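Down below is the structure, laid out as structure tokens.
Note that this is a predicted model, so its numbers are computed, not measured. Each chain gets a letter, A, B and so on, in the order its sequence line appears, and its residues count up from 1.
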Amino acid sequence: MVGRVNDLSTAEKRERLETLAPEELAAIEAEDDGDEHDLPDLPNVDDYDEVRMRAAPNPNGPWHIGHARMPAVIGRYKERYDGSFVVRFDDTDPETKRPDLEAYDAILEDIDYLGFEPDEVILASDRLETYYEHARDLIDAGGAYTCSCSGETFSELKNDGEACPHREKDRETTRREFAAMVDGEYDAGEMVLRVRTDIDHKNPALRDWVAFRMIDTPHPREEASEYRCWPMLDFQSGVDDHLTGVTHIIRGIDLQDSAKRQRFVYDYFDWTYPEVVHWGHVQVDAYDVQLSTSTLKEKIDAGDLDGWDDPRAPTLKSLRRRGIRGEAVVEALAALGTSTSNVDLSMSSVYAENRELVDDEAERYFLVRDGEMFPIEGGPDAGHPPIHPDHESRGERTVPAADGVVVEPEDVPAEGDRVWLKGYACVRREGDSLVATGDDIDVVRAGDVDVIHWAPATDTVAVRLRTPDGDVSGVAEPDFGATEDGDVIQFERIGFARVDDHGDEESVAYWSHP
RNA sequence: GCUCCGUUGGUGUAGUCCGGCCAAUCAUCUUGCCCUCUCACGGCAAGGACCAGGGUUCGAAUCCCUGACGGAGCACCA
């Protein structure tokens, strides 16, 4: 009895259980849902009416896998706490981190692919007036001063814990000079607005940091192209977090000092700083290409990659085209947790998650790479392997064999050896032919004969399988031609793949994973 | 140089706050077996870790100290 139950597929077991004991099923599934104990609880959740988080991407290109960590994690927390999150594009550097106008939508698409919908989307470059207002308030509160020191000069003073002469100028002068900054009356480098923190704070990183600077290069967004006085991340982000009601900030360890810097501003305004979680950097194995948007952009421009969705690229667009569901990416990334140490994401865990999602649906087909042709002697005209081994009801395929077959070089039997052509019959190698032996399937069960996949010698579908390691050519059985673009299927003994396009010359499929 | 932070099997993670139930969890991974007309799915089993050394304690992965290793910041980048 137990053996019979074990023979059933998961889906079948579920169906049986549904008829036998619906309550039990509900209990089991509820348990499954509650099984997502990957992420630690957010701190002090009870202190807030609603948990509100934000993703603050710099729109400089489509996302790589590592970028997905933020939406994956805050999306999960949103679900857990019935909270919300805002996507805020921190596009306040028109020059060195110049925004890519196409990246805004590309990033929102990537978030959609992952299965999350932001509750709000805002652009920092729309909010300059807001930042200016707060800067003026900060000046009035004595919390900022304009400074015309060169970066080097100030740095030296700062490292010695010494104030620069501008620190003690009166507020009226600062007000006037800041107004001139906003009006664009200075060139880049001539004047900045500094936050007055603690000039001999033991951590040099926190001493009187820059809040606004002049940038001559116009912002690529037309709406923001007239501004020359731009806030630095720590000021802009700090003000926005408060104004948008963010209760929990999650960010990288590279911004460990940000909270400490921003607290000075918060103190001037008498605001309460949100909860902060810092996490380490993510690396992804299995890719030769570096995980960096700028590196990817260079590779694409140089023609080393076909585009952002090249299967060799570690981007979300690539994974998507390969038929990997956003949900699988989210699962794998959420499982990394939020520790402050750097972590490695292994693609095998993404693959494992995805396999679980697609295996039950994926139809099976044969693809033969670098096939060697053999005439068949004495067998039936066609083989009929099932469309899915766990679901007989889905029917079977028809793979013609009358005109001969092709098999992969590694599978070619030695002279006199037998091999079982899956869904067809047992054959023996006799010279350049494969001769049907009439053996029963028992020879396979006994372990005497290997089962291999195969394709007809004629009337096949030419396939280019695109993989992270490059393209592979082969021929697929005729029924493969009837699949739809976008279907995720399994090439038996090769791996899962997403049907990309059935062209006139050849069909293109993207390899997903084993 | 100054200032922060971290270190549990190949990978990730639980446990560390409030020492004993931890000869350390779960997943992935690898290997073997079973199932199977796929090297998929499923089942079973095995493998593999508390950075090091001191200290406190009846008892330490958990507390303290020292060291090693790793990471981050000290930008008119984000």
Side-chain angles (χ1 to χ4, degrees), chain A residues 2-3 5-11 13 35 37-40 56-60 90-93 95-98 124 147 149-151 154-155 158-159 161 188-194 201-207 209-215 230 232-234 236-237 251-258 260-261 278 280-281 283 285 331-333 335-337 339-353 355-356 358-360 362 364 366 383 385-386 388-390 420-426 441 443-445 449-453 490-496 513-514:
Chain A
V2 172
V5 172
N6 284 341
D7 284 347
L8 297 172
S9 73
T10 309
K13 274 187 264 192
D35 208 32
H37 49 71
D38 311 317
L39 293 168
N58 172 17
N60 64 344
D90 281 353
D91 54 349
T92 55
D93 182 355
E95 199 165 273
T96 52
K97 295 240 167 149
R98 190 171 175 78
C147 171
C149 290
S150 72
F154 188 85
S155 180
K158 179 202 69 182
N159 287 335
E190 283 186 350
M191 188 69 80
V192 299
L193 183 75
R194 288 187 187 282
H201 193 284
K202 65 173 183 173
N203 185 348
L206 309 187
R207 299 171 188 165
W209 45 274
V210 173
F212 285 82
R213 83 295 208 190
M214 305 303 298
I215 294 178
W230 287 90
M232 299 288 289
L233 174 79
D234 281 321
Q236 172 265 126
S237 176
R251 62 180 158 212
I253 43 173
D254 47 329
L255 264 26
Q256 273 175 128
D257 291 333
S258 273
K260 293 170 188 166
R261 278 199 276 253
H278 291 288
H281 298 290
Q283 291 185 337
D285 69 0
E331 274 295 337
L333 283 167
L336 296 182
S339 86
T340 54
S341 40
N342 294 346
V343 294
D344 290 334
L345 171 71
S346 60
M347 284 307 294
S348 63
S349 71
V350 176
Y351 295 161
E353 298 290 352
R355 195 180 297 121
E356 197 173 313
V358 301
D359 182 62
D360 200 61
R364 267 57 171 174
F366 291 153
H388 191 111
D390 300 334
W420 189 285
L421 299 178
K422 188 172 180 189
Y424 181 69
C426 185
I441 191 64
V443 298
V444 169
R445 293 190 178 131
V449 175
D450 290 334
V451 175
I452 66 167
H453 65 288
Q490 186 200 63
F491 285 128
E492 294 196 54
R493 302 212 303 145
I494 294 174
F496 293 86
H513 47 74

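Here B/U38 presents its P atom at 13 Å from NE2 of A/H453, a figure rounded to the nearest Å. B/C76 atom C1' lies 11 Å from atom CE of A/M214, rounded to whole Å. Per the geometry, CZ belonging to A/R355 stands 11 Å off C1' belonging to B/C29, to the nearest Å. Between the CG atom of A/D285 and the P atom of B/G12 there is a distance of 10 Å, rounded to whole Å. In this structure, the CG atom of A/D234 is 12 Å from the C1' atom of B/C74, given to the nearest Å. One atom, CH2 of A/W420, and another, P of B/C37, lie 10 Å apart when rounded to the nearest Å. One interatomic measurement links the two molecules: CG of A/D344 to C1' of B/U13, which rounds to 14 Å at whole-angstrom precision. Rounded to a whole Å, the CG atom of A/D450 is 16 Å from the P atom of B/U36.
A donor-acceptor contact shorter than 3.5 Å links the side chain of A/R207 to the backbone of A/H201. Side chain of A/D285 to main chain of A/M347: a donor-acceptor pair is present (N/O by atom type, distance under 3.5 Å, no hydrogens or angles). Formation of a donor-acceptor pair under 3.5 Å by the A/Q256 side chain with backbone atoms of A/I253 is found in this model. Looking at A/H388, its side chain does come within 3.5 Å of a backbone N or O of A/A362 through a donor-acceptor pair.
For A/I441, counting side-chain heavy atoms from C-beta on, the closest listed nucleotide (B/U38, B/C41, B/C37) is B/C37. The side chain of A/V451 approaches B/C37 more closely than any other nucleotide in the set B/U7, B/C37, B/C76. Among B/A78, B/C37, B/A40, the nucleotide with an atom closest to any side-chain atom of A/K422 is B/C37. In this structure, the nucleotide among B/C77, B/A40, B/U28 sitting nearest to the side chain of A/D359 is B/A40. Looking at the side chain of A/V192, the nearest of the listed nucleotides B/G12, B/U28, B/C76 is B/C76. In the set B/U13, B/U28, B/C77, B/C77 carries the atom at the smallest distance from any side-chain atom of A/K97. Ranking B/U28, B/U13, B/U38 by closeness to the A/E492 side chain, first place goes to B/U38. With B/C37, B/A40, B/C76 as the candidates, the nucleotide lying closest to the side chain of A/V210 is B/C76.
Between the side chain of A/R445 and the base of B/U36, no donor-acceptor pair under 3.5 Å is found. Residue A/E353 places no side-chain atom within donor-acceptor reach of the base of B/U28, judged by atom type and a 3.5 Å distance cut-off alone.
Heavy atoms of A/S237 sit nowhere under 4.0 angstrom from any nucleic acid atom. At the heavy-atom level, A/C147 lies nowhere under 4.0 Å from the strands shown. In this structure, A/P389 reaches the bases: a heavy-atom distance under 4.0 Å links it to at least one base atom across the strands shown. Residue A/S155 is classed as a sugar-phosphate contact, given heavy-atom separations below 4.0 Å to backbone atoms only. Residue contacts shown for A/G151 include a base, since a base heavy atom lies under 4.0 Å away.
Within the model, atoms CZ of A/R261 and CG of A/D234 stand 4.5 Å from one another, a figure rounded to the nearest 0.5 Å. Atom-to-atom distance recorded for A/D450:CG and A/L421:CG is 11.5 Å, nearest 0.5 angstrom. Within the model, atoms CD1 of A/I452 and OH of A/Y424 stand 12.5 Å from one another, a figure rounded to the nearest 0.5 Å. Once rounded to the nearest 0.5 Å, the distance linking OG1 of A/T92 with CD1 of A/I215 reads 7.5 Å. The distance from the CG atom of A/D93 to the CD atom of A/Q236 is 11.5 Å, given to the nearest 0.5 Å.
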Query raised in the report: In dot-bracket form, how is RNA chain B paired, counting a Watson-Crick or G-U wobble pair only if both its distances are under 3.5 Å and using | for bases paired to another strand?
Result: (((((((..(((.......[.....)))((((((.......))))))...(((((..]....))))))))))))....

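Contact between the side-chain N/O atoms of A/T92 and the OP1/OP2 oxygens of B/A78 is found at a separation under 4.0 Å. Phosphate proximity of B/A75 to A/K158: present, with a side-chain N or O under 4.0 Å from OP1 or OP2. For the OP1/OP2 pair of B/C29 and a distance below 4.0 Å, the side-chain nitrogens and oxygens of A/S346 include no atom meeting the criterion. Distances shown here put every side-chain N or O of A/K260 at or beyond 4.0 Å from the OP1 or OP2 atom of B/U3. Residue A/R213 has a polar side-chain atom (N or O) positioned under 4.0 Å from OP1 or OP2 of B/C77.
Here, B/G53 and B/U30 have their C1' atoms 33 Å apart, quoted to the whole Å. Here the separation of B/U36 from B/G43, taken at their P atoms, is 16 Å to the nearest Å. The separation of B/C76 from B/C17, taken at their P atoms, amounts to 41 Å, rounded to a whole angstrom. Rounded to a whole angstrom, the distance from the C1' atom of B/C34 to that of B/C51 is 40 Å. Taking the P atom of each, B/A61 and B/A78 are spaced 46 Å apart, rounded to whole Å. B/G47 and B/G54 are spaced 33 Å apart, taking the C1' atom of each and rounding to whole Å.
Residue A/E190 places its CD atom among more than 12 non-hydrogen atoms of other residues, nucleotides or ligands, all under 6.0 Å distant.
Checked against ring pair (Phe, Tyr, Trp, His ring centres under 6.0 Å), A/H278 has no partners two or more places apart in sequence or in another chain.
When each of A/Q490, A/H453, A/E492 is paired with A/R364, the side chain to side chain donor-acceptor pair (under 3.5 Å) condition holds for A/Q490 and for no other.
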Report summary line: Scoring nucleotides 67-73 of chain B by protein non-hydrogen atoms under 4.0 Å (B base, S sugar-phosphate only, - none) yields ----BSB

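Of the residues near RNA chain B, A/M232 and A/F496, the one whose nearest nucleotide (by heavy atom distance) lies more toward the 5' end is A/F496.
Of all heavy-atom pairs between A/A124 and A/D90, the closest is CB-CA, 4.2 Å.
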